[in-house]
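In what follows, chains are A, B, ... by sequence order, proteins preceding strands, each numbered from 1. All heavy atoms count here, side chains included; hydrogens, waters and symmetry mates do not.
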Amino acid sequence: MPDLATPLIEWYRENARDLPWRRAGFGAWGVLVSEFMLQQTPVARVIPHLEGWLERWPSPADLAASAPADAVRQWANLGYPRRALWLHRAAIEIRDRHTGVVPRDVDALLALTGIGDYTARAVVVFAYGGRAPVVDTNTRRVLARAVDGRSQPAPAAKRDLAAMDAILPPSDDDAAIVNAAAMELGAVVCTARAPRCDACPIADRCAWRAAGYPDTGDDRRRQARYEGSDRQARGAILKVLRDAATHAVPLGDVVPDWHDPRQRDRAIDSLIADGLAEASEGLLRLPS
DNA sequence: GATCCGTGGTG
DNA sequence: TCACCAAGGAT
């Protein structure tokens with residue numbers, strides 16, 4: 001396999017975006033919060049929310065001392081609000097099991113709520129300078145094209161970690177840069193729809209390019225339609241709860257004109273089951 | 001491994 | 001317009 005690390009490192013040094021979590025001294029807690037927010041939410045939407053969160057809760061213990069409702073409300077419209085709940089739980093776990101310090105090894109991080117293969121390794125590598133393969137959707141696309149000669153990546157799988165590990169250089173510092181560079185390349189050059197191969201530092205060794213950019217198909221499952229979905233109903237309900245000045249809403253006032261009342265009631269039940277809402281005495285509210 | 005889970009920008 | 005896509009994780 002051709003050397004991908006060297007051109008990626010050189011390209012990254014020249015072209016890396018200036019993102020908040022890349023600033024020197026940003027801190028492991030800041031990195032962890034940013035990674036939670038970045039799970040399926042675009043960079044441009046995360047940045048405006050990150051500073052306010054960290055000013056309000058500068059440490060895991062600060063967040064752990066607040067009610068989950070405050071975390072869900074601060075999460076605002078970032079989407080997938082379970083992440084706010086999970087980040088809050090992770091903060092409690094960090095306080096109780098790790099003396100308030102974000103763990104620096106993969107296994108300890110994986111044991112925390114809401115942290116999986118990507119986030120655990122991102123914290124180890126980007127916050128602590130450790131060595132591990134960090135694989136996100138951008139990296140999977142870059143590897144699928146450059147290494148496998150495919151137009152789109154296969155669905156995420158464990159073997160992606162080994163594939164990334166295989167291109168990491170010996171030095172831990174360089175390996176960290178290659179991890180970041182692969183993500184960056186996928187985000188700004190080797191994009192999903194219209195890749196800018198003329199600006200790609202590894203175009204001369206890209207298997208997909210060498211094969212003539214074949215359409216190798218896409219076996220990833222398509223996202224379910226949002227319009228009319230339970231997710232849409234849950235989102236509408238949770239927005240009502242976030243925006244409620246009194247922090248409690250009579251059940252009859254929760255999206256009363258929803259087109260499908262059974263779907264609305266099902267969504268309320270599922271929010272309660274997820275811990276995102278609580279019901280008592282005919283009132284619905286965010287979790288205390 | 002398949003499915004579920006928000007929200008908004010974009011080609 | 002509208003399907004696609006976005007620094008994933010839990011079940």
Peer 1: Considering only atom P, compute the distance from dC2(C) to dC5(B) and round it to an integer number of Å.
Peer 2: 23 Å
Peer 1: Does a salt bridge link D218(A) with R220(A), judged by any charged N lying under 4.0 Å from a carboxylate O?
Peer 2: yes
Peer 1: Could you work out which one of dG1(B), dA10(C), dG6(B) sits closest to the side chain of P81(A)?
Peer 2: dG6(B)
Peer 1: If you assign each of P155(A) and R193(A) to its closest nucleotide in DNA chain B, which residue comes earlier from the 5' end?
Peer 2: P155(A)
Peer 1: Would you measure the distance from the P atom in dG9(C) across to the matching atom in dG8(B) and give it in whole Å?
Peer 2: 23 Å
Peer 1: If you look at every strand shown and take non-hydrogen atoms under 4.0 Å, does T137(A) touch a base, only sugar-phosphate, or nothing?
Peer 2: sugar-phosphate
Peer 1: If I pick the P atom on dA7(C) and the same atom on dA2(B), what distance separates them, to the nearest angstrom?
Peer 2: 23 Å
Peer 1: For Q40(A) and dG9(C), give me the distance from atom CD to atom P, rounded to whole Å.
Peer 2: 9 Å
Peer 1: Under 6.0 Å from the ring centre and within 45 degrees of the ring axis: does the NZ or CZ of R104(A) meet both conditions for the six-membered ring of Y128(A)?
Peer 2: yes
Peer 1: Which part of the nucleic acid, if any, lies within contact of L78(A), taking any heavy atom under 4.0 Å across all strands shown: a base, the sugar-phosphate backbone alone, or nothing?
Peer 2: base
Peer 1: Which nucleotide, dA10(C), dG6(B), dA3(C), lies nearest any side-chain atom of W86(A)?
Peer 2: dA10(C)
Peer 1: For W75(A), answer base if it contacts any base atom (sugar-phosphate contacts may also be present), sugar-phosphate if it contacts only those atoms, and nothing otherwise; contact means non-hydrogen atoms under 4.0 Å.
Peer 2: nothing
Peer 1: Examine dA3(C): is either OP1 or OP2 under 4.0 Å from a nitrogen or oxygen in the side chain of R222(A)? Give yes or no.
Peer 2: no
Peer 1: So, R234(A) and D230(A), do they make that salt bridge, N to O below 4.0 Å?
Peer 2: no
Peer 1: For the residue pair H88(A) and P68(A), establish whether any side-chain heavy-atom pair is separated by less than 4.5 Å.
Peer 2: yes
Peer 1: Between dA7(C), dG9(B), dG8(C), which nucleotide gets closest to the side-chain atoms of R22(A)?
Peer 2: dA7(C)
Peer 1: Could you check D230(A) against A194(A) and say which one's nearest nucleotide on DNA chain B is further toward the 5' end?
Peer 2: D230(A)
Peer 1: Provide the distance between the two P atoms, one in dC4(C) and one in dT3(B), to the nearest whole Å.
Peer 2: 16 Å
Peer 1: Side-chain N or O of N138(A) less than 4.0 angstrom from OP1 or OP2 on dA7(C)?
Peer 2: yes
Peer 1: Quick one: on DNA chain C, does A120(A) or Q152(A) contact a more 5' nucleotide (nearest heavy atom)?
Peer 2: Q152(A)
Peer 1: Tell me if the side-chain of Q223(A) makes a donor-acceptor pair with the base of dA6(C), cut-off 3.5 Å, by modelled atom types.
Peer 2: yes
Peer 1: For R89(A) and dA10(C), give me the distance from atom CZ to atom P, rounded to whole Å.
Peer 2: 11 Å
Peer 1: Quick one: are D160(A) and L143(A) in side-chain contact, heavy atoms under 4.5 Å?
Peer 2: no
Peer 1: Between C1' on dC4(C) and OH on Y226(A), what's the gap in Å once rounded to a whole number?
Peer 2: 16 Å
